[in-house]
2 protein chains.
Amino acid sequence: MVKPKRLSRSCVLRLELYLEIIEQFQKEGRQYVTSSDIGSALGIAPGNVRQDLFGLGSAGRPKVGYEVTRLIALIRDLFDLDREKPACIIGFGNLGRALAGSNMWSRGGYKLAAIFDNDPSIVGTDFAGLRVRSIAEIFGVIKTQGIEMAVITVPASAAQEVADIVQNAGVKAIWNFVPVRLNMPETVAVENQSLAWGLITLSHRTRPAQ
Amino acid sequence: MVKPKRLSRSCVLRLELYLEIIEQFQKEGRQYVTSSDIGSALGIAPGNVRQDLFGLGSAGRPKVGYEVTRLIALIRDLFDLDREKPACIIGFGNLGRALAGSNMWSRGGYKLAAIFDNDPSIVGTDFAGLRVRSIAEIFGVIKTQGIEMAVITVPASAAQEVADIVQNAGVKAIWNFVPVRLNMPETVAVENQSLAWGLITLSHRTRPAQ
DNA sequence: ATGGTGTTGTTAACAATTTAACGACTAATC
DNA sequence: GATTAGTCGTTAAATTGTTAACAACACCAT
Ligand SMILES: NC(=O)c1ccc[n+]([C@@H]2O[C@H](COP(=O)([O-])OP(=O)(O)OC[C@H]3O[C@@H](n4cnc5c(N)ncnc54)[C@H](O)[C@@H]3O)[C@@H](O)[C@H]2O)c1
Ligand SMILES: NC(=O)c1ccc[n+]([C@@H]2O[C@H](COP(=O)([O-])OP(=O)(O)OC[C@H]3O[C@@H](n4cnc5c(N)ncnc54)[C@H](O)[C@@H]3O)[C@@H](O)[C@H]2O)c1
């Protein structure tokens, strides 16, 4: 009997890495992986790996390691990756196009179900079998298609307005790429993908010692 | 006398948020901000803010708050944001273009000094006063322009090869957007911007309780 | 001046996470 | 079979990060 113990953010982050590397092992045809396999591939202590995996309900055999398929299933279930929730992209500019074409959707969890823009020269064009729709349709489409997540890649001036609309339409999660702090109720999970972080972090990490 | 105490990752993350919000206060014409101002704008306890700021060397006055200009200067110095290090983007596809056009460069730390691609129909085109150069020139350009950071946005198949080149050319930092774990020596700071994380995290956060 | 009030700098308690350790179990070997 | 070696599950310790608390101090009103 496993309690729904809350995982720390860093643990979730590691689990995501584990999944990635384990899937790679699977591609190489391996049936079992050990905590050392995972750890050394990732620069994480094997004990740390075991403890993280411990929380998932055990799937390992002493002397042999963890069964790859079972481990993948456990992590995918933890992240709810096997339920393909409908998602949409709002703002089909450079960033929106890059995200739409990214292979990140292939891991599951969400499937791209709609794209919106307000530029008449973009609306109506096709992308991977999806017609870019007018922003005017957004409320209705979210409702009828049951869209649960919205990727926001519009200019900063429109971000809050767009967020308000999708929230009212019933979206559960927002992935916000716009450098604006969205004002949203607690009930909506907002993930801010501030790329400036990466830039600043690198600048900090390579700062010459003083 | 302040020691070069190592900051935790989450502290760095918060400090970046502080900088953002303090600059906003500055735009509004304020000269002083209190830890409560910062905290309530960000949903962080004021004491936490003070403790983070404490490590920077004090800049605050009781009853008044922190001097905005001094605080900004301290954080910018911590992150080495005032030295505009030359950076380049490699792979000028959708993502490369979105990043090149992003306003994240305006905060400083790096300035976009070169763009590379290997597609003849892209090489030679202009972007914001920068000519997209052939990948063949990359080694020489990095050397002569003293480029310190490379943003990698090429297809997965080319990522490691590109990383090896820039590393040999003397780049100190790599911002890797490709879902591939780069094999790099310790001397190079690699920041993996795996967008899949955001996706998975949202899927996890909105997972229905079981 | 003087007392009141709000905010910092700093320390201490507390909580969470990471690291270490080790018994238990499994498979292989002799 | 017994023994050995390798790896897991689990507990405990150490480290780190967060929260709370409060004295010292600066400004303000009187
Ligand atoms: N997270 C980052 O650091 C990062 C990086 C790059 C871009 N961005 C942000 O992403 C956003 C988009 O960047 P981009 O380079 O793709 O810009 P872009 O101009 O190429 O794309 C914006 C798109 O949004 C559409 N749009 C504008 N208003 C709209 C509205 N009200 N409803 C629907 N669509 C609307 C436009 O027609 C355009 O197609 C910007 O806010 C930018 O700051 C962030
Ligand atoms: N981090 C994420 O989740 C995320 C999101 C979107 C895209 N991506 C990744 O970013 C990369 C680019 O995505 P995109 O949508 O911009 O693809 P894209 O095809 O639009 O752009 C790739 C560009 O790289 C150029 N290129 C190819 N080989 C090269 C080489 N050897 N040297 C220099 N340039 C080369 C191509 O000419 C093209 O212009 C992909 O690897 C993709 O997986 C990641």
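Source: prediction; values computed, not measured.
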Is any side-chain N of the basic residue among D37(B) and R30(B) closer than 4.0 Å to the acidic one's carboxylate O? yes

OP1 or OP2 of dC25(D) versus the side-chain N and O atoms of R61(B): is any pair under 4.0 Å? no

Donor + acceptor pair across side chains of N176(A), N192(A) (<3.5 Å): yes

Quick check: does any side chain N or O of S203(A) sit under 3.5 Å from a backbone N or O of D80(B), one acting as donor and the other as acceptor? yes

Closest to the F54(A) side chain, choosing from dG9(D), dG17(D), dT18(D): dG9(D)

Rounding to a whole Å, what distance do you find between L56(A):CG and dT10(D):P? 13 Å

Rounded to whole angstrom units, what separation is found between the CG atom of D52(A) and the P atom of dT19(C)? 10 Å

Which whole-number value in Å describes the distance from N48(B) CG to dT16(D) C1'? 14 Å

State whether a side-chain donor-acceptor pair under 3.5 Å links T201(B) with E16(A). yes

Would you kindly check whether a donor in the side chain of K63(B) faces an acceptor in the base of dT8(C), or vice versa, at under 3.5 angstrom? no

Between dG23(C) atom C1' and R50(A) atom CZ, what is the distance in whole Å? 12 Å

So, Q31(B) versus T69(B): side-chain donor-acceptor pair below 3.5 Å or not? no

Round to the nearest Å and state the distance from Y66(B) atom OH to dT8(C) atom C1'. 6 Å

Under-4.0 Å salt bridge between E186(B) and R205(A): no

Selected nucleotide, minimal atom distance to V64(A) side chain, candidates dA27(C), dT19(C), dT19(D): dA27(C)

Have a look at R14(A) and say if it touches a base, only the backbone sugar-phosphate, or nothing, with a 4.0 Å heavy-atom cut-off. sugar-phosphate

Using whole Å, report how far CD of Q51(A) lies from C1' of dA12(D). 11 Å

Name every residue in residues 34-43 of chain A that has at least one heavy atom under 4.0 Å from any atom of DNA chain D, in order of residue number, or write none if there are no such residues. T34(A), S35(A)

Between dT10(C), dA12(D), dT18(D), which nucleotide gets closest to the side-chain atoms of S10(B)? dT18(D)

So which nucleotide from dT18(C), dG17(D), dT8(C) ends up closest to the side chain of S8(B)? dG17(D)

Taking CD from E67(B) and P from dT7(C), how many angstroms apart are they, rounded to a whole number? 17 Å

Check: G109(B) main-chain N/O paired with K85(B) side-chain donor or acceptor under 3.5 Å: yes

Taking CD1 from I44(A) and C1' from dT19(C), how many angstroms apart are they, rounded to a whole number? 13 Å

NA contact type, G47(B), heavy-atom cut-off 4.0 Å: base, sugar-phosphate, or nothing? nothing

